[in-house]
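First comes the structure, then the notes that go with it.
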There are 2 protein chains.
Amino acid sequence: MINILLADDHTMFVDGIDSILKTEPDMKVAGKVYNGPDVVSFVKENEVDLILLDVNLPDMNGIEVCKALKEFENNAKVLAISMFNEESFVTEILNNGAQGYILKNTGREELLKAIRIVVGGKSYFSDDVTQTIMKGLMKQRKASKQKEGFFPKISRREKEVLKLIVQEHTTQEIANKLFISLKTVESHRSSLLNKMNARNSAGLVRIAIENNLLD
Amino acid sequence: MINILLADDHTMFVDGIDSILKTEPDMKVAGKVYNGPDVVSFVKENEVDLILLDVNLPDMNGIEVCKALKEFENNAKVLAISMFNEESFVTEILNNGAQGYILKNTGREELLKAIRIVVGGKSYFSDDVTQTIMKGLMKQRKASKQKEGFFPKISRREKEVLKLIVQEHTTQEIANKLFISLKTVESHRSSLLNKMNARNSAGLVRIAIENNLLD
DNA sequence: TACACTTTAAGGGTTTTCCCCTAGAAAATT
DNA sequence: AATTTTCTAGGGGAAAACCCTTAAAGTGTA
């Protein structure tokens, strides 16, 4: 008997899978959880052979769940499920111990097949996913040469200054806000210009927005 | 007997709903389709009481399907389903004839309830969706008051200057590029600051990007 | 404990931006 | 044809940004 834990915040989806698995005599839905932390606590207290894990869970996403699962003794395999054939998700969750990755447009038969394969100790990926992984590997080669070394990382204080620049504050205003000297802010400004490879504040703002440097 | 058409490109999801509906004696899955055009042709040739329509279908999205359905005689109601509680989707598909909108995190019981309500001629929305619609209406009020008279439109030349500012060019450089005087560019700059309600170039860049003023 | 990085700060200078004003020529709109 | 808007351009001045150098004190990490 295969004990399966369903982890997905889309109730309708969970109920659907539940109905599908009910028809299989050798499978049993051991539980249903709707967020990341519950996955971890459930596995700690119950026997689980396989987790059907949604990558985009609230509170704690699939990748973090995988990391947490490696922290303690358990023999639960992870079959990741996602709406999106997103390269970053795929590679990251596989690097963190997931044995398979299927998309939500996978049919009933393929789902059951994937479950049995993963429980059997092998890996399973949807065809689309396989292609994505390949593409991802190709990109990595290029990316690591160009995009890397782009930002020698921006420090905490620099980011504060950057945010205030984007909010149209002048150097003097920033100095007042942060209770530091005008000269210090100027110093941070020029570090930012250097690190971000910008010529002026206009560039700073553009690059900051384009690269999502503002939390 | 309620004849239901399932329209969603996520096979696993369709199979799941199928399993759920099988348990209801008064409901029958009349068909399953995986893209927009097939919805239309299916409804033309079969008796359908309700379409469980995914908003984000390939080839032809839910909104376009709704429009197409209004073109010919049929008494199929539409219950829209989506992963996303996206304001724009919700309001647009409702304006195009959908009677209900539920999210994929809706549970089995709520789904069945929603189906019966919509088939009965009334409307049904998930609680989350209702909230979203309200928020949307609130925003519109504010947007039309604030954002409207926000830009008294930016002229062709001003936009050129704006683009070059975003690209980190100085006033002098812009003057050279456009074969006009430094003072002229300064003039455009200050018009931009005025029109866009910015304090400096940083603001110009931010507002330009945020409002997609750069084609 | 060193070593590296960050934060703080200053002097002194150049360049750029921003602001006020005015104003004719060209283009678009009515 | 008349009116409005846009584009052009200037003077002059204040503020802000940018550049270069130097350097002490604090923070974090191997």
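Naming: A, B, ... by sequence-line order, numbering from 1 per chain.
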Five-pair end axes of the helix from dT1(C)-dA30(D) to dT30(C)-dA1(D) and the angle they enclose, rounded to 10°: 80°
Rounded to whole Å, please give me the gap between [atom1] in [X] and [atom2] in [N].
X	N	atom1	atom2	answer
L162(A)	dT6(C)	CG	P	15 Å
I174(A)	dA15(D)	CD1	P	18 Å
H188(A)	dC19(D)	NE2	C1'	17 Å
M196(A)	dC18(D)	CE	C1'	16 Å
E160(B)	dC7(D)	CD	P	9 Å
E158(A)	dC5(C)	CD	P	13 Å

Approximate separation, where rounding is to 0.5 Å, of N200(A) CG and L193(A) CG: 7.5 Å
Enumerate the protein-to-nucleotides 24-27 of chain D contacts in which both atoms are nitrogen or oxygen and the separation is below 3.5 Å.
none

Please state whether the base of dT6(C) and the side chain of S155(A) form at least one donor-acceptor pair under 3.5 Å? no
Kindly give the atom pairs (protein nitrogen or oxygen, nucleotide nitrogen or oxygen) under 3.5 Å for nucleotides 15-21 of chain C.
unit_1	atom_1	unit_2	atom_2	d
dT17(C)	OP2	T171(B)	N	2.7
dT17(C)	OP2	T171(B)	OG1	2.6
dC18(C)	OP1	S201(B)	N	2.6
dC18(C)	OP1	S201(B)	OG	3.1
dC18(C)	OP2	R189(B)	NE	3.1
dC18(C)	N4	E186(B)	OE2	2.9

Distance below 4.0 Å between S181(A) side-chain N/O and dA10(C) OP1 or OP2: yes
Using only side-chain N and O atoms of T184(B), determine if any of them is under 4.0 Å from OP1 or OP2 of dA9(D). yes
